[in-house]
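In what follows, a single structure is set out as structure tokens and then discussed.
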Amino acid sequence: MKKEYYSYDELPAVLSMDELRTLLQISRNTAYALVRSGKIPSIRAGRQFRIPKTAVLDYLSCK
């Protein structure tokens with residue numbers, strides 16, 4: 001079951017790729033392209049990407 005977030009304060013400190021995709025309403029390929037290009041900074045944990053909440057907020061505010 002997916003959790004729905006109603007404000008940025010409710011977001012976890014670190015997002016998974018699926019949570020990023022749901023939050024931004026983008027496709028899987030677009031999410032990976034944003035992360036791999038560095039437009040949204042991420043942390044690699046094994047084979048998984050983890051995206052800090054602050055990185056998403058910075059991307060949305062066009063910093």
Side-chain angles (χ1 to χ4, degrees):
M1 186 166 123
K2 290 186 179 181
K3 181 171 171 40
E4 292 185 23
Y5 303 108
Y6 297 102
S7 73
Y8 291 116
D9 294 332
E10 293 179 357
L11 290 173
V14 179
L15 300 157
S16 67
M17 287 299 282
D18 283 338
E19 291 170 324
L20 176 69
R21 291 176 41 220
T22 302
L23 179 66
L24 298 181
Q25 298 181 355
I26 57 177
S27 71
R28 180 176 189 250
N29 289 340
T30 302
Y32 276 99
L34 287 170
V35 167
R36 287 192 176 123
S37 70
K39 290 183 180 180
I40 297 180
S42 65
I43 300 163
R44 188 99 190 233
R47 295 177 63 180
Q48 300 177 353
F49 288 101
R50 293 294 183 239
I51 301 95
K53 174 170 85 169
T54 55
V56 177
L57 296 176
D58 288 345
Y59 175 75
L60 291 175
S61 66
C62 299
K63 287 186 179 177

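- Under the ring pair (Phe, Tyr, Trp, His ring centres under 6.0 Å) criterion, Tyr8 pairs with no residue, sequence neighbours left out.
- Sequence neighbours left out, not one pair with a member in residues 7-17 passes salt bridge (Lys or Arg N to Asp or Glu O under 4.0 Å).
- For the pair Lys53 and Val14, the minimum side-chain heavy-atom distance is 4.5 Å or more.
- Counting only heavy atoms from C-beta outward, the side chains of Val56 and Leu11 never approach each other to under 4.5 Å.
- Pairs engaging residues 24-34 under the salt bridge (Lys or Arg N to Asp or Glu O under 4.0 Å) rule: none recorded [sequence neighbours left out].
- By the side chain to side chain donor-acceptor pair (under 3.5 Å) test, Thr30 pairs with Ser27, sequence neighbours left out.
- In terms of the salt bridge (charged side-chain N to carboxylate O under 4.0 Å, His left out) criterion, residue partners of Arg21 (sequence neighbours excluded) are, by chain and number, Asp18.
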Which donor-acceptor pairs under 3.5 Å do the side chains of residues 36-52 make with protein atoms, sequence neighbours left out?
residue	atom	partner	partner atom	Å
Ser37	OG	Ala33	O	3.0
Ser37	OG	Leu34	O	3.1
Ser37	OG	Lys39	N	3.4
Arg44	NE	Gly46	O	3.4
Gln48	OE1	Arg50	NH2	2.6

